Every structure is written in structure tokens, then in C-alpha cells.
Amino acid sequence: MFIGKVIGNVWATQKHAQLQNLKLLLVKPISPNDAKFSGVTTLAVDGNIGAGVGDTVLVVDEGGSARKILNNPKAPVRTIICGIVD
Amino acid sequence: MFIGKVIGNVWATQKHAQLQNLKLLLVKPISPNDAKFSGVTTLAVDGNIGAGVGDTVLVVDEGGSARKILNNPKAPVRTIICGIVD
Amino acid sequence: MFIGKVIGNVWATQKHAQLQNLKLLLVKPISPNDAKFSGVTTLAVDGNIGAGVGDTVLVVDEGGSARKILNNPKAPVRTIICGIVD
Amino acid sequence: MFIGKVIGNVWATQKHAQLQNLKLLLVKPISPNDAKFSGVTTLAVDGNIGAGVGDTVLVVDEGGSARKILNNPKAPVRTIICGIVD
Amino acid sequence: MFIGKVIGNVWATQKHAQLQNLKLLLVKPISPNDAKFSGVTTLAVDGNIGAGVGDTVLVVDEGGSARKILNNPKAPVRTIICGIVD
């Protein structure tokens, strides 16, 4: 689990049916002490939190957690946003 | 989950029966902002998306997601392409 | 699994319902020989151990373990503190 | 999933009963374009493919896939060779 | 899965009940060719192999494997020692 900043959206021209209604966001991990970027940009799904570009977010990088949050045991998702940090 | 570019195909002379009809592709992660390559090339299976060399793709690196997309609970696959980005 | 030091708390202004009563802590891995920091800061949940800032802790980075410790099969948690080292 | 080269065998003087009849191989990831080594040597189990030293192989690094290939739900294996590349 | 060397023990002043009777060891990955250390020290549980400081060991870093070896579906363990290399 890590803290990151949403830096963009992703629009897919084709995607798997189970991804159709999900919001795909680009998240860059940040060092929580100084808010500097650290690490590689990840693709994450918004877990019905309403996250958008510029938000600092809590990210869980595990498929089991993602499917529980989306309430969809068939979702092909591994990385999910489950909170917004002030 | 990450964004990557398909850079090649892989032909195996021998492979496990459950991999027989799957398309194996080499995907290199890219930094979404500038489309520069970042990170190590990964081997991924096309999740019936029709991805090919040159495409920018959505990749999920988790076995549970891969087996759901392939609709095959026995598939020995961890990394799957589940979308194409414009 | 790794040894780390708790370096801070995280307060989320919005978070998933299943995270509501959990304590979110920032943990930085340490090299056990010399107690120097090594690696990237992680977000972890206290597994009812009572860990706080300054503690040296045992961390398990796996969703299955986290849900067992929290006794909640729906918890969207991957990283959990399950012990305190002297 | 990745492409690697088998660089050696491992003989264990003691090992868990469920590992007794498995062939343990050292695999070094290679960059598929130029066949140069990249990354850290991994320990992998041959998934009844007949892989040996010098072979270029397909590796899946996930316990669920490994147990399906070995057809043994109790195997304590995470990394499995499931194909040979020409 | 990887080969490592046991470099120390860990005593926890507090730990989760399911960890009470387990031996916690610090393992540093080694490059199998020259036995040089490579990578970050990990915390691992001895899987009833009798591993101790100085031993070269086989390590599986996956919760499902760990729980099977410990024969405890509730164990919050991800990293387990399942063999000793001569």
C-alpha cells in the first residue's frame, strides 16, 4: 500500500468488458514526508472514492482488495484507490 | 497495473498445454507522460483484445485477473493485456 | 516480510468503509544489522498490535495475511503490522 | 512473466516433502531483444517441460500458476518454467 | 523463489498469536554463482526445516506456499524457508 498523486486519466479505445465502467487513473507514488515523487507511475482504478487529477490518494496494489472494493469478483484489476488524503 | 508498448512476439518450441492457444507478447512499460520506455520488458498474454506489435496497452500483472479474462481457471498466466490505449 | 520503523500517521479525508476503524501508519524498511533506513516508505495498517510512531515493527506485505489478522475477509488491505521488535 | 536463461541446478540437502521430486533450476532473466542478462537470478521449478542448463525459458512467477502446472495444490512453489523458447 | 543466507534471528516483544511458535530469521539473498550478497534483507519464517544462522537456504516468498508448509491456513506469513542448500 502506498500514497500517491493522481497525475492523469487514461482513455482506452478498447478494453475488457469488466473494465467498461471504471475510471482509470495514473498515479505516481510520493514520499509522504516531503510530497516529492518517488518510483514509477502506476495505473489504478478509482474505487468509488471520486478521486481525480491532483488528489493525493491511498493505493492498494492487490487484486483481492480491488475486487472487494469494486464488489465485482470478476474485475481484472490489481491496483485500486481506496482513500483520499487531505 | 501499468501502460506499456508491445515490442515483439514470442514463439515457444515447447509450452504447457494450457498456454497452447494464447498469444505471447513482449511488453515494455512506458512512462505515460512522454511515452519513453521505463522498466524491464515483461512477457504478457493477449486477453482477447487483439493487441499486436506497436500497440500501447493496459497490462494487469496478477494471476487472478488473468484467469478471469481468459475465462480459464487453469491458465498458468500472471500478466495479461486487457486494453488498448489510443 | 520485513522489519521497518513507523515514521508517521496518515489521516484520510475520505476512505473506503472497510478502512474506517483501522490505524494507517507510514513504515520505512530498515536494514536489521545497523538500523539504517533502506527502501521506500510503505503504508501499513496496525494489526491490533498497538504500534505507533518510533516503533520497530514486523511487516507482512500480503493481502491474505492482512485479512486473517484483521479477522475481516472484506478488508482492502495488503500491508499489515503483526509484531513489535524490541 | 518473463524470459530467462537456465544457468544452473540447485541441490538441497534438506527440503520440504512437497519439493522432493521437483527439479530446481537457477534462471537469470534476459532482455529478449539482445539476449543480454538483466535482473536478479531466480530459483524456479521445471514444470514438466524438461528444461535444463542453457535453455531459454518462459517463467511465470505466481504460486497459483505453479500449483496448477504441477497439478499439486500443496506445492510450496512460486516460480515455474512453463515453456522453452527456441 | 530465491537462494539466501540466514544472517540473524529476530525476537519480537509483541507479536500476533499465530506467529507465537514460529522462528523468525533474517535472510539475505545471495547470487548463487559466487555466493555474494545481492538484494535486500528479508524476514522469513523457518518452515520446520531447522534452518539457523549461517545456513544457505531456499526461500519462497508467497503466502499460499507459506501457509501450506506451516499447515496453518491462518498464519500471517508470506516468506518461508523450505530447504537447505549444501
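Fair warning: this is a prediction, and the values are worked out from it, not measured in the lab. The sequence lines fix the lettering, A, B, ..., with proteins before strands; numbering per chain opens at 1.
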Any side-chain heavy-atom pair of B/Leu24 and D/Leu58 under 4.5 Å
yes

For each of D/Ser31, D/Gly50, D/Pro29, D/Gly83, tally heavy-atom pairs with chain B at distances under 4.5 Å, and name the one with the top tally.
D/Gly83

Filtered by a 4.5 Å non-hydrogen cutoff, the part of residues 71-78 of chain B contacting chain D is B/Pro73, B/Lys74, B/Ala75, B/Pro76, B/Val77, B/Arg78

Rounded to the nearest 0.5 Å, what separates atom CE in D/Met1 from atom CD1 in B/Ile80?
8.5 Å

Could you point out which residue of B/Gln18, B/His16, B/Arg67 forms a side-chain contact (heavy atoms from CB on, under 4.5 Å) with D/Lys68?
B/Arg67

Residues in residues 37-46 of chain B near chain D [non-hydrogen atoms, under 4.5 Å]
B/Thr41, B/Thr42, B/Leu43, B/Val45

When heavy-atom pairs shorter than 4.5 Å are enumerated against chain B, which of D/Ala66, D/Ala51, D/Gly63, D/Cys82 gives the highest number?
D/Cys82

Bottom line for D/Asn48: the part with an atom under 4.5 Å from chain B's heavy atoms is neither

Close side-chain approach of D/Ile3 to B/Leu26, heavy-atom, < 4.5 Å
yes

CD1-CD distance between D/Ile49 and B/Gln14, expressed to the nearest 0.5 angstrom
6.0 Å

